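The structure appears right after this line, and notes come after that.
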Amino acid sequence: KTTLIWYNIVEIKIPQRRVVFIYRQEILKDVSVFTSQPKAKFYDELFINLDLSCIPTQNSKFGRASYSNHSMICAFIVMKCEGFSQISDLHDYLSNNLIIAHYCGFDISRELPSYAKFTRFIREFDNDILQTVMQSQVLKAADLSLIDSSFIALDATPVKANVSNNNPKSFKKNKFSKASHPKSDKDCRLGVQTASNQHNEKNYEFYWGYKNHILVDCISGLPVCELTTGANVSDSSVTLEILKKANSFLPLAECSFLADKTYDVKVIYNTVHDTYNGDCFIDCCPCNHKCWNNGKKNRGCTKYITLPDDYRLSIDRSSIAFKSVYALRTEAERYNSRFKQAGCESVFVRNGNSVKNLNTIAHISLLSIAIAAVITKKDVSYRSVKTLKRL
């Protein structure tokens, strides 16, 4: 057990002067009394089943104090498990829950990392190392029969940047113009998001920020691969890169690839069919849409009409088989919801590398939670962080 140092503040009033004396008193020998036992055990089991062997063990030197890379990564995993979007909330949480800081690997008899140290760490840490950690967690989940590549779905989630242009109360003119790029975050880009995937969706909004492209296993609802780009990057343009990256450590042979109409691009169909010997289940704009068959000439949707006979046109999207498999794509939407609950819908950092690292850590956290739940025989609720914290 680690000794807790309790600070008492005593004020002595002297005429025209106030002197504050601070002295310390050792009152308890067990810091766990300040944190609920189920939550403390949750993080203990989580970090035991988290493989960080690929991360260099040397300390991260920021200022006079140095802290282990493993401890800093574990601290940010706590941040995502608690759903914090701001690093200041993480700092306050660890300061008030020293037993969790101890499980992260910090020496709680010393001063914990400051807000500036956390910010600098997440800004300068190499994202490729975190990608390796995520891949090792995916392979570990595959060994536990949690993940396979039989049915995979790709979707993108908007991540709003921490800029004043995104503030709905801002009255700045042309705040969503490409010529008015925010000065506080030079890496963010202008994007647009809609309220749904309907063909006639008119409810959309512009935002400055990023996109997180996530390849999800549709059976387990867990991530397989991810990529963070600017908000101006189209979803279909990064599909082949993500598939190639995922196939490098988890074979995608004979997979079923599911996606919405945003990915209705011929090269994606041909790559999945020819390279991975798989099948595509991608929605497209129907030819019998009401805007097409309206009895008027030169009107309607013509974007998806092509004449050559190819694999894309051979898919019968009205069949029961197609609809039953395509229904599994909703698992990607559910995972996006859990990803946003981890505090990833908006970020309070101001550079691209920090956003990439926070997104990757969020995926590592959700993977680690599922792995720890299965190993500790609590897999019935591995998708619910709140439930696991109460068990």
Side-chain angles (χ1 to χ4, degrees), residues 51 54 128 130-156 212-229 234-284 308-317 319-336 339 360 363-364 366-368 370-371 374 379 382-383:
D51 183 14
C54 62
D128 291 337
L130 292 178
Q131 292 290 339
T132 304
V133 176
M134 180 177 174
Q135 292 175 14
S136 66
Q137 291 298 94
V138 170
L139 293 177
K140 189 172 182 179
D143 292 338
L144 295 172
S145 300
L146 261 177
I147 288 180
D148 62 32
S149 58
S150 300
F151 299 91
I152 52 176
L154 184 60
D155 202 3
N212 189 241
H213 308 267
I214 313 171
L215 188 66
V216 179
D217 173 26
C218 295
I219 305 302
S220 65
L222 294 175
V224 175
C225 189
E226 64 94 24
L227 177 67
T228 299
T229 64
S234 63
D235 299 348
S236 59
S237 63
V238 299
T239 303
L240 302 185
E241 177 183 355
I242 294 177
L243 291 177
K244 182 179 179 180
K245 181 180 177 182
N247 185 64
S248 64
F249 61 92
L250 186 68
L252 302 181
E254 300 182 356
C255 66
S256 295
F257 178 76
L258 291 71
D260 59 26
K261 61 184 179 65
T262 310
Y263 301 88
D264 187 26
V265 180
K266 186 181 296 184
V267 66
I268 297 178
Y269 287 89
N270 295 336
T271 301
V272 172
H273 184 265
D274 300 334
T275 304
Y276 304 109
N277 196 25
D279 296 317
C280 285
F281 296 84
I282 303 176
D283 192 17
C284 71
D309 185 14
D310 54 15
Y311 170 63
R312 175 178 170 274
L313 295 178
S314 66
I315 299 176
D316 184 8
R317 294 175 176 82
S319 64
I320 298 178
F322 178 90
K323 292 180 180 180
S324 60
V325 174
Y326 185 75
L328 296 175
R329 199 194 67 83
T330 56
E331 199 61 48
E333 302 289 348
R334 294 189 185 96
Y335 180 80
N336 286 340
F339 176 73
T360 306
H363 297 303
I364 294 174
L366 294 173
L367 281 167
S368 302
I371 293 172
V374 171
D379 51 299
Y382 72 82
R383 302 186 188 189

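Source: prediction; values computed, not measured.
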When you compare the side chain of [Y] with that of [X], does any pair of heavy atoms fall below 4.5 Å?
{"X": "P223", "Y": "L367", "result": "yes"}
{"X": "T330", "Y": "R334", "result": "yes"}
{"X": "I214", "Y": "V224", "result": "no"}
{"X": "F151", "Y": "C255", "result": "no"}
{"X": "L258", "Y": "I282", "result": "no"}

Can you measure from [atom1] ([X]) to [atom2] ([Y]) and round to the nearest 0.5 angstrom?
{"X": "T271", "Y": "L240", "atom1": "OG1", "atom2": "CG", "value": "4.5 Å"}
{"X": "C225", "Y": "L250", "atom1": "SG", "atom2": "CG", "value": "10.0 Å"}
{"X": "R317", "Y": "C280", "atom1": "CZ", "atom2": "SG", "value": "9.0 Å"}
{"X": "Y326", "Y": "C218", "atom1": "OH", "atom2": "SG", "value": "10.5 Å"}
{"X": "D148", "Y": "L222", "atom1": "CG", "atom2": "CG", "value": "11.0 Å"}
{"X": "H363", "Y": "E226", "atom1": "NE2", "atom2": "CD", "value": "4.0 Å"}

Apply the test salt bridge (Lys or Arg N to Asp or Glu O under 4.0 Å) to residues D283 and R329: give CA-CA distance (whole Å), side-chain angles for both, the deciding distance (0.1 Å), then the verdict.
CA-CA 11 Å; D283 192 17; R329 199 194 67 83; over 6 Å; no
[X] versus [Y], closest heavy-atom pair with distance:
{"X": "D217", "Y": "E331", "answer": "O-CG, 4.2 Å"}
{"X": "A156", "Y": "Y263", "answer": "N-OH, 3.7 Å"}
{"X": "A321", "Y": "S324", "answer": "O-OG, 2.9 Å"}

May I ask you to decide if [Y]'s main-chain N or O and [X]'s side chain share a donor-acceptor pair within less than 3.5 Å?
{"X": "S149", "Y": "P251", "value": "yes"}
{"X": "S319", "Y": "F322", "value": "yes"}
{"X": "T275", "Y": "V272", "value": "no"}
{"X": "S220", "Y": "L146", "value": "yes"}

Scan side-chain atoms only and decide if [X] and [Y] contain a donor-acceptor pair under the 3.5 Å cut-off.
{"X": "D51", "Y": "Q137", "value": "no"}
{"X": "T228", "Y": "N212", "value": "yes"}
{"X": "D155", "Y": "H213", "value": "no"}

TODO: Would you list the pairs meeting side-chain hydrogen bond (donor to acceptor under 3.5 Å, both in side chains) in which at least one residue belongs to residues 243-255, sequence neighbours left out?
DONE: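 Applying side-chain hydrogen bond (donor to acceptor under 3.5 Å, both in side chains) to every pair that reaches into residues 243-255, excluding sequence neighbours, yields Q131-K245.
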Determine, step by step, whether S236 and T239 satisfy the side chain to side chain donor-acceptor pair (under 3.5 Å) criterion, reporting the C-alpha distance in whole Å, the side-chain angles of both residues, the deciding distance to 0.1 Å, and the verdict. CA-CA 5 Å; S236 59; T239 303; 5.8 Å; no
task = Determine, step by step, whether I152 and L243 satisfy the side chain to side chain contact (heavy atoms under 4.5 Å, CB included) criterion, reporting the C-alpha distance in whole Å, the side-chain angles of both residues, the deciding distance to 0.1 Å, and the verdict.
result = CA-CA 10 Å; I152 52 176; L243 291 177; 4.3 Å; yes
F257: partners by ring-ring contact (aromatic ring centres under 6.0 Å, His included), with sequence neighbours left out
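F257 satisfies ring-ring contact (aromatic ring centres under 6.0 Å, His included) with no residue once adjacent residues are dropped.
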According to the interplanar angle, ranging from 0 to 90°, do the rings of Y269 and Y311 count as parallel (below 30°), tilted (30 to 60°) or perpendicular (above 60°)?
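Rings of Y269 and Y311: perpendicular, as their planes differ by over 60°.
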